[in-house]
Protein chains: 2
Amino acid sequence: MGASLKDVAQLAGVSVKTVSNVVNNYPHVTPGMRERVQRAIDELGYRPNLTARHLRKGRTGIIALAVPELGNPYFAELAGAVIDAAARHDYTVLMDHTAGQREKEVLVTQGFRAHVIDGLILSPIELETSDLLGRRDDAPLVLLGEREYDAPYDQIAIDNVAAARTAVRHLTGLGRRRIAFIGARREMARRPAHLRLRGWREELSEAGLPCGEDLVAATDGYGRWDGAAAMNALLDRGERPDAIFAYNDLMALGAMRALVERGLRVPQDVSVVGFDDVEEGRFSTIALTTVSPDKQAIARLAVERVVGRLTGAPQMSPERIQPGYTLIARESTSPPAA
Amino acid sequence: MGASLKDVAQLAGVSVKTVSNVVNNYPHVTPGMRERVQRAIDELGYRPNLTARHLRKGRTGIIALAVPELGNPYFAELAGAVIDAAARHDYTVLMDHTAGQREKEVLVTQGFRAHVIDGLILSPIELETSDLLGRRDDAPLVLLGEREYDAPYDQIAIDNVAAARTAVRHLTGLGRRRIAFIGARREMARRPAHLRLRGWREELSEAGLPCGEDLVAATDGYGRWDGAAAMNALLDRGERPDAIFAYNDLMALGAMRALVERGLRVPQDVSVVGFDDVEEGRFSTIALTTVSPDKQAIARLAVERVVGRLTGAPQMSPERIQPGYTLIARESTSPPAA
DNA sequence: CTCAGGCTTTACAACGTTATATAGCCCCAT
DNA sequence: ATGGGGCTATATAACGTTGTAAAGCCTGAG
């Protein structure tokens, strides 16, 4: 066991509180005293016990970031941004992963780390509004991601409908007419909650282009494999779209892979657009066109929101904040003519 | 603030310890009493304060995993495996990222989270043996990754030299003769610590093939961009290798991208092998041949080692453990003839 | 020379939990 | 009837820290 304040105090022949004062740079300590205590600290290799400090202060300086899947580079990149943003406010980030399971998402919102984390940033997948309404934990909660909730919590997400429409407009602008959507979660395909799907439908419908169920490929997950499987399923049932709008980059990459395996050329035969702008898409052999959400802004806003409620303004009214996004055109949607 | 044991005790009209006993499923509690207390717990929505429990027990059930970069999918995938392995032992994982900076790596090993984490799994980049020797923190430490240290800590890593030789042998077996190495860190290029580089050199030298400095492309980092830049640098200086062995998959993918941009065909003109077996490589338009370390085993062993020292066998003598690996041949090294 | 007032240090309690030791109870065997 | 022994519940202390209030010390003004 490491040394405690008591040990240091004993060695230095002073009170425990004085040592505490030195450790915390309390101003009213004479230089001589400070030095004497410091010597004892050094000699014993004393390190403050943060757990005890946390207990005493009622705060830990830790905020949790719960994401569905670390293996998805979007969340890995987002996590990096959140960690940096939190560090700027002297907070540490504890990562949780929910695997997108409602049960785990509920668990996280209910504060199963009671008093270990001061706040929570959650990117939910299956969580329902009702799960949120019964929440008792009083740690600030910020929600990220595509879904919207009618619950009194901050929600930070780009305008997914508009972003999806931008992506689809990009494709129609290239002259594409049969634009498939890949990545509607099977159980949510019909729900209005699926904002990107809604944007796809709205844009196509306004353009007078087909947007029926036959052009929607449902998936079970959000990975590369799901994208490839969905693409294959689409082609297997005789569908032959001239463009793909995927729910995210990973699925777009999987779809591209499937297309190439079947001898279809990207972008000559089929244009592909993803969503997230993960680095992997930039370096893909066929660089991927994508909607790029401002991850830095998302991370910064989420952290500021949590920290803001923790210090000073606990009763801020909950807001929906929409950071910016941009469409980044790359090779996967080079003009078919070229 | 949430309710505490005291509040529950008061409401139920029992002692604090009795409530504690109920919460912890202490066996000798009468059913009647248990129910009475449980009712009070439910009514107040009591949740145990884990911080206080941690202080009392001297353990937090948290182990930290410190990796250089979450954006590298290898570490993201490894993190997932570690989290799962830890969960099987009822431990939680706190992620740290060091950005591969020695200063941060040292900080982590010195236990700057004093008493918050019970143990540490670190994948170091620039850490030196000397940094380890002065370590005072007594939390168990397990080292992962390519580097070897003469320090009394568990080290878990595949046999990097042998694995690199396997990869290079695969290339020579295809008839490749000018095999470049991409990804020697600039400042380490000459050090024996660079095991994969050593394996590359040994194998080529035994085969009587060129393995001079002209075939080594140094990089500053470990990302896709670094791989592309190194590849371009190699080509710019007139080098025209017929195969690439990259330090990791990310650099291999970057190099492939650079090759394709310059009109070279993979695998017809140049074979490419990576290292790590990240999912991204499987789904690349040209699927990447790679050395696949057994990530599950690495994670499992690391966690078992930490947990083992925490419970029962604190004085186990430190070991070097080498999990298995396999070479997975994919399209990027299809026989050039084909 | 004294005392007010500021600076420095201290003693004590408290954060919420669990371990230890003890007290109370009931049942059964003597 | 009495006492032992097992079971249940309790009081108290402790984990290591910091806030509070008060004590001690010193300086300088009256």
Side-chain angles (χ1 to χ4, degrees), chain A residues 1-38 40-41 44-62 111-118 137-139, chain B residues 1-38 40-41 44-62 111-118 137-139:
Chain A
M1 279 302 298
S4 72
L5 282 183
K6 197 160 81 175
D7 303 321
V8 177
Q10 207 152 28
L11 179 63
V14 299
S15 82
V16 170
K17 188 67 215 288
T18 299
V19 182
S20 171
N21 287 338
V22 170
V23 170
N24 291 285
N25 280 313
Y26 181 71
H28 304 299
V29 179
T30 51
M33 176 60 81
R34 171 159 279 134
E35 205 210 349
R36 177 149 65 111
V37 170
Q38 189 59 52
I41 287 176
L44 293 176
Y46 166 78
R47 321 229 59 197
N49 181 326
L50 297 184
T51 297
R53 190 177 283 177
H54 295 162
L55 173 60
R56 183 59 235 238
K57 298 215 162 186
R59 289 276 170 79
T60 61
I62 297 177
F112 78 111
R113 293 219 199 292
H115 303 260
V116 169
I117 61 169
D118 291 345
D137 192 23
D138 52 359
Chain B
M1 276 305 300
S4 73
L5 282 183
K6 199 161 78 177
D7 303 320
V8 177
Q10 207 152 26
L11 178 62
V14 299
S15 82
V16 170
K17 185 68 217 286
T18 299
V19 182
S20 171
N21 286 339
V22 171
V23 171
N24 292 285
N25 280 314
Y26 181 71
H28 303 299
V29 180
T30 50
M33 177 60 82
R34 170 159 281 134
E35 206 211 346
R36 176 148 66 109
V37 171
Q38 188 59 52
I41 287 176
L44 293 176
Y46 167 78
R47 322 229 57 195
N49 182 323
L50 297 183
T51 300
R53 189 176 284 177
H54 296 161
L55 172 61
R56 182 61 235 233
K57 297 213 165 187
R59 289 276 170 78
T60 62
I62 297 177
F112 78 113
R113 291 220 201 289
H115 302 262
V116 170
I117 62 169
D118 292 345
D137 192 22
D138 51 359

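DNA chain C lies under 4.0 Å from at least one heavy atom of each of the following residues of residues 12-21 of chain A: V14(A), S15(A), K17(A), T18(A), N21(A).
Note: NE2 (H54(A)) to P (dT17(C)) measures 17 Å, nearest angstrom.
Here the nucleotide nearest the side chain of M33(B), chosen from dT17(C), dG16(D), dA9(D), is dA9(D). Side-chain atoms of H28(A) lie closest to dT8(C) of the nucleotides dG16(C), dT8(C), dG16(D). Comparing atom distances between the V29(B) side chain and each of dA9(D), dC15(D), dT18(C) picks out dA9(D) as nearest.
For dT20(D), the OP1/OP2 oxygens have no side-chain nitrogen or oxygen of Y26(A) closer than 4.0 Å.
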For nucleotides 24-28 of chain D, tabulate all protein N/O to nucleotide N/O atom pairs closer than 3.5 Å, reporting atom names and distance.
none

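For the pair K57(A) and R56(B), nearest-nucleotide mapping onto DNA chain D gives the more 5' position to R56(B).
Partners of R47(A) according to the salt bridge (Lys or Arg N to Asp or Glu O under 4.0 Å) rule, which considers only residues two or more places apart in sequence or in another chain, do not exist here. With sequence neighbours excluded, the residues forming a salt bridge (Lys or Arg N to Asp or Glu O under 4.0 Å) with R113(B) are D96(B), listed by chain and number.
Between the NE2 atom of H54(B) and the CG atom of N49(B) there is a distance of 9.0 Å, given to the nearest 0.5 Å.
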N/O donor-acceptor pairs under 3.5 Å from side chains in residues 9-20 of chain B, not counting sequence neighbours:
unit_1 : atom_1 : unit_2 : atom_2 : d
S15(B) : OG     : K17(B) : N      : 3.4
S15(B) : OG     : T18(B) : N      : 3.2
S15(B) : OG     : T18(B) : OG1    : 3.1
K17(B) : NZ     : N21(B) : OD1    : 3.3
S20(B) : OG     : N24(B) : ND2    : 3.3

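End-to-end axis angle of the helix from dC1(C)-dG30(D) to dT30(C)-dA1(D), using five pairs per end and rounding to 10°, comes to 70°.
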